[in-house]
Amino acid sequence: MKKRVLSGVQPTGNLHIGNYLGALKNWTKIQYDYESIFCIVDLHAITVYQSPEELKRKILEIAGIFLACGIDPKHSTVIAQSTVPGHSELSWLLTCLTPIGWLERMTQYKSKAAGQETILSGLMQYPVLMAADILLYQASVVPVGDDQSQHLELTRDIAQRFNSLYGQTFVMPETKLPTVGARVMGLDEPEKKMSKSAPGSGHAIALLDPPDLIRKKFNRATTDSNPHVDFETMGPGVQNLLGIYQAFSEVSDDEMKAKFSGMRYGDLKKTVAEMVVSHLEPIQKRFAEITSEPGYLAGVLEEGRARVAPIAEQTVQLTKQRMGVYST
Ligand code: TYM
């Protein structure tokens, strides 16, 4: 039997090249080596208020982007998390054995909670729900960007705690990061991770940005005071641009050096922009085709739900039995 891979994306903001290089690109590559499940995690999205209409629209948009990027719905399962009740059920069961201290230590929680007058408890429980997403399907591999590494460690801690309290139940999931592109930085502020929620029109390249806007954003990207690329002294902005190029093109370190050493920053920005445009244009074309067919994406999500619901139900029943709560 093939091992399972599971990963997810929140249906908030606009998916960007960080999400693509950190996660989606890897998914499309490894999907056939595993039984693959990719979730649109709408229950995670609502840990911060979302406009209901916009959220509904986003879920289908993300499903369209998954397929446009190359997720094959005939082989891989795409689901909206909230359609499989097991995610919420297992999340509660796991919450009951997760110390609050573990959750308070999460850096994403700390940064999201910082400055908020009222911190919703769902924001703190967020990583437990993520652990439930993974453990529900006994996934052994979780391909994500670097910012999710701490959540994956917590998932393993929760699984281990459960297994030692109630007996071997959960598979220990492994984190799979891409070799290049695990942490794409903002174009305007290369010290900060490229993020869906960051303000600023020059911060992120969205996967659906038109080519001219992509070129404009790269043109305005922050570099440093050198006039051209120097691999020894380059600052984070130039390093980020080169990382983006390498992650899209998959060329070797030596080829990168040969191509870019001494290149003026104006030319560097143009070269990177053209590489990104050449990859995103076909994705955007496929997205337009996929979304022009009414009902198609809803059908893919329903098929996905039906395919994995029995697996989820089995894990929930087993977990309940192990914990001694009433199960049928
Ligand atoms: P989310 O929606 O923030 O991001 C989706 C994926 O994109 C990666 N990513 C990045 N990679 C490289 N550079 C960046 N700047 C960058 N920004 C985001 C993320 O690492 C992620 O892989 N908690 C998750 C969603 C989730 C999940 C799961 C993931 C819920 N349940 C179960 C894996 C397994 C999140 O918020 O991702």
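Indexing begins at 1, ligand by ligand and atom by atom, following the structure's order. These values consider heavy atoms only, across backbone and side chains, with no hydrogens, waters or symmetry-generated copies.
Within the 4.0 Å heavy-atom shell around ligand 1 one does not find Met185. By the 4.0 Å heavy-atom criterion, Pro178 is excluded from the residues contacting ligand 1.
Counting heavy atoms of neighbouring residues, nucleotides and ligands inside a 6.0 Å radius, atom NZ of Lys176 does not exceed 12 of them. Within a 6.0 Å sphere centred on CZ of Arg264, other residues, nucleotides and ligands contribute 12 heavy atoms or fewer. At most 12 heavy atoms of other shown residues, nucleotides or ligands fall within 6.0 angstrom of atom CD in Gln314.
Not one N or O of Lys193 is nearer than 3.5 Å to an N or O of ligand 1, by distance alone. Note: no N/O pair closer than 3.5 Å links Ile134 and ligand 1 by distance alone. For ligand 1, the polar-atom distance check finds an N/O of Met194 within less than 3.5 Å of one of the ligand's N/O atoms. Backbone and side-chain nitrogen or oxygen atoms of Val41 are examined, and none is located within less than 3.5 angstrom of a nitrogen or oxygen of ligand 1. Of the polar atoms of Ser7, none of the N or O atoms is found under 3.5 Å from an N or O of ligand 1, judged by distance alone.
Across Asn19, Leu24, Thr12, Ile37, heavy-atom proximity to atom 18 (C) of ligand 1 is greatest for Asn19. Of the listed residues (Asp147, Ile244, Leu136, Val144), the one carrying the non-hydrogen atom nearest atom 19 (C) of ligand 1 is Asp147.
With ligand atoms numbered from 1 in the order given, ligand 1 contributes 23 (N), 24 (C), 35 (C), 36 (O) to contacts under 4.0 Å with heavy atoms of Tyr126. Listed by number with element, the atoms of ligand 1 under 4.0 Å from a non-hydrogen atom of Ala23 are 6 (C), 7 (O), 22 (O). For ligand 1, the atoms closer than 4.0 angstrom to any heavy atom of Val184 are 12 (C), 13 (N), 14 (C), 15 (N).
For the residue pair Gln284/Asp209, the side-chain donor-acceptor check at 3.5 Å is not satisfied. For the residue pair Gln125 / Thr95, a side-chain donor-acceptor distance below 3.5 Å is found, with atom types taken as modelled.
At a heavy-atom distance under 4.0 Å, no atom of Ser195 approaches ligand 1. When non-hydrogen atoms are compared, ligand 1 lies under 4.0 Å from the backbone of Val9 as well as from its side chain. Only the side chain of His44 comes within 4.0 Å of ligand 1, counting heavy atoms alone; its backbone N, CA, C and O stay farther away. Contacts of Val142 with ligand 1, taken as heavy-atom pairs under 4.0 Å, involve the side chain alone. Residue contacts with ligand 1, taken as heavy atom pairs separated by less than 4.0 Å, involve Arg183 solely via the backbone atoms N, CA, C and O. Using a 4.0 Å cut-off between heavy atoms, Leu129 makes no contact with ligand 1 at all. Residue His16 touches ligand 1 through its side chain alone, judged by heavy-atom distances below 4.0 Å.
Centroid-to-centroid, the aromatic rings of His87 and Tyr137 come within less than 6.0 Å.
Interatomic distance, OG1 of Thr222 versus CE of Met185, reported as 12.0 Å (0.5 Å rounding). Atom NZ of Lys196 sits about 5.0 Å away from atom CG of Asn19, to the nearest 0.5 Å.
Put simply, the side chain of Leu152 reaches to within 4.5 Å of the side chain of Arg156, judged on heavy atoms.
Using cut-offs of 30° and 60° for the angle between ring planes, the Tyr126 and His151 rings count as tilted. Phe66 and Trp27 have perpendicular rings, their planes meeting at more than 60° on a 0 to 90° scale where under 30° would count as parallel.
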